[in-house]
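First the structure, in the form of structure tokens, and then the observations on it.
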2 protein chains.
Amino acid sequence: MRIGELAARAGTTTRTLRYYESRGLLPARRGSNGYRTYDEDDLKLLRQIRTLQDIGFDLEETRPFVECLRAGHPEGDACPASLAVYRRKLDELDALIGELQTVRAQIGVRLATAGGEPPLCELGGREL
Amino acid sequence: MRIGELAARAGTTTRTLRYYESRGLLPARRGSNGYRTYDEDDLKLLRQIRTLQDIGFDLEETRPFVECLRAGHPEGDACPASLAVYRRKLDELDALIGELQTVRAQIGVRLATAGGEPPLCELGGREL
DNA sequence: CGTTGCCCTGACGTCGGCGTCAAGGCTTAC
DNA sequence: GTAAGCCTTGACGCCGACGTCAGGGCAACG
């Protein structure tokens, strides 16, 4: 299949596919007319990339998964390198979620105490 | 004081201050030689901006706080517009944290089930 | 008078993941 | 033959918050 069909079947754009190719992530064979040619396996690779991207993985982080599939494994996360990315991502997420919760709490307090609160009040309910 | 000193006292750079000025956030008076001149109030405004920025507020979102201080309030969040930003931020944070937790859970499951698990196993401990 | 150290404006670079346009080639249907 | 609809490469645009460089001015010290 050609680039337009692959893009459509993966729910993305031709621009995106050419970008992935430029990054060496999803190289394409070429037909006699110079057109890019893809097969069902490429679709599977592309869907793996897109799934991870949608979840919030950087493009580079999807590379181990793609290489894992290309190595013949039925799942992109069957390889150690992929699992390592999972673990790094878990740590990152935990750190980020923790920070965000801290910030959330800070704002919550500021929202509760800001706006002319009485100096001697101990604890109050929501004012709004 | 001049731009370099203000930057140093706020722990930022002159470039940042000029950028804020270009955005209309922190205008400066000018001395006879064309140099920007700031006072202690400007330092207070700048610290308000930086504090919010560090927490993750967009630059535009700090504007109500700055205007609130400039209006004479001792705290930047003493004004309704600032509180509205707080509330919007809380909602954004809640949504984002929720998404991240969902992703975290997904990855956790994939990490647990990936890597050649036996098809009939019910529940296993950590393998690494 | 020269050097150092501030300051000025203007403008291009950065990062990621593409969007969008330009200018042209191939193929197929009418 | 010609128009439509694919495809090609190349290159600039976008977003936010600045970093960094170029080229020049002012001030103070020795």
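Owing to the predicted nature of the structure, the values given are computational and were not obtained by experimental measurement. Note that these values count all heavy atoms, side chains included, but never hydrogens, waters or copies made by symmetry. Here is how names work: the chains are called A, B, and so on, in the same order as the sequence lines, proteins then strands, and each is numbered from 1.
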Original post:
Between the axis at one end of the helix from C/dC1-D/dG30 to C/dC30-D/dG1 and the axis at the other (five pairs apiece), what's the angle to 10 degrees?
Top reply: 40°
**OP:** For residues 1-66 of chain A, pull every pair meeting disulfide (SG to SG under 2.5 Å), keeping only residues two or more places apart or in separate chains.
**Re:** none
**OP:** Quick one: which residue pairs count as a disulfide (SG to SG under 2.5 Å) with a foot in residues 21-71 of chain B, not counting sequence neighbours?
**Re:** B/C68-B/C79
Original post:
Can you tell me if the side-chain N/O atoms of A/T13 get under 4.0 Å from OP1 or OP2 in C/dC18?
Top reply: no
**OP:** Return the value, rounded to whole Å, for the distance between atom CZ of A/R2 and atom C1' of C/dT28.
**Re:** 10 Å
**OP:** Provide, to the nearest angstrom, the distance between the CD atom belonging to B/E5 and the C1' atom belonging to C/dG5.
**Re:** 15 Å
Original post:
Reading nucleotides 9-17 of chain C from the 5' end, what letters show protein touch, with B for base, S for backbone sugar-phosphate only, - for no heavy atom under 4.0 Å?
Top reply: B-B-----B
Original post:
Looking at residues at least two apart in the chain, or sitting in another chain, which of them share a side chain to side chain donor-acceptor pair (under 3.5 Å) with B/Q48?
Top reply: none
Just jot down the salt bridge (charged side-chain N to carboxylate O under 4.0 Å, His left out) partners of [X], sequence neighbours excluded, or say none.
{"X": "B/R63", "result": "B/E60"}
{"X": "B/D94", "result": "A/R104"}
{"X": "B/E99", "result": "none"}
{"X": "B/D39", "result": "B/R29"}

Original post:
Tell me the ring-ring contact (aromatic ring centres under 6.0 Å, His included) pairs involving residues 71-99 of chain A, sequence neighbours left out?
Top reply: A/F65-A/Y86
Subject >> B/N33 vs A/N33, nearer the 5' end of DNA chain D by closest nucleotide >> reply: A/N33
**OP:** Answer yes or no: is there an ion pair linking B/K89 with B/E92, defined by an N-O contact shorter than 4.0 Å?
**Re:** yes
Original post:
Remaining members of A/L6's ILVMFWY cluster at a side-chain heavy-atom cut-off under 4.5 Å?
Top reply: A/M1, A/I3, A/L17, A/Y19, A/Y20, A/L25, A/L26, A/Y38, A/L43, A/L45, A/L46, A/I49, A/L59, A/V66, A/L69
Original post:
What are the bounds, 5' to 3', of the part of DNA chain D that sits under 4.0 Å from heavy atoms of chain B?
Top reply: D/dA17 to D/dC26
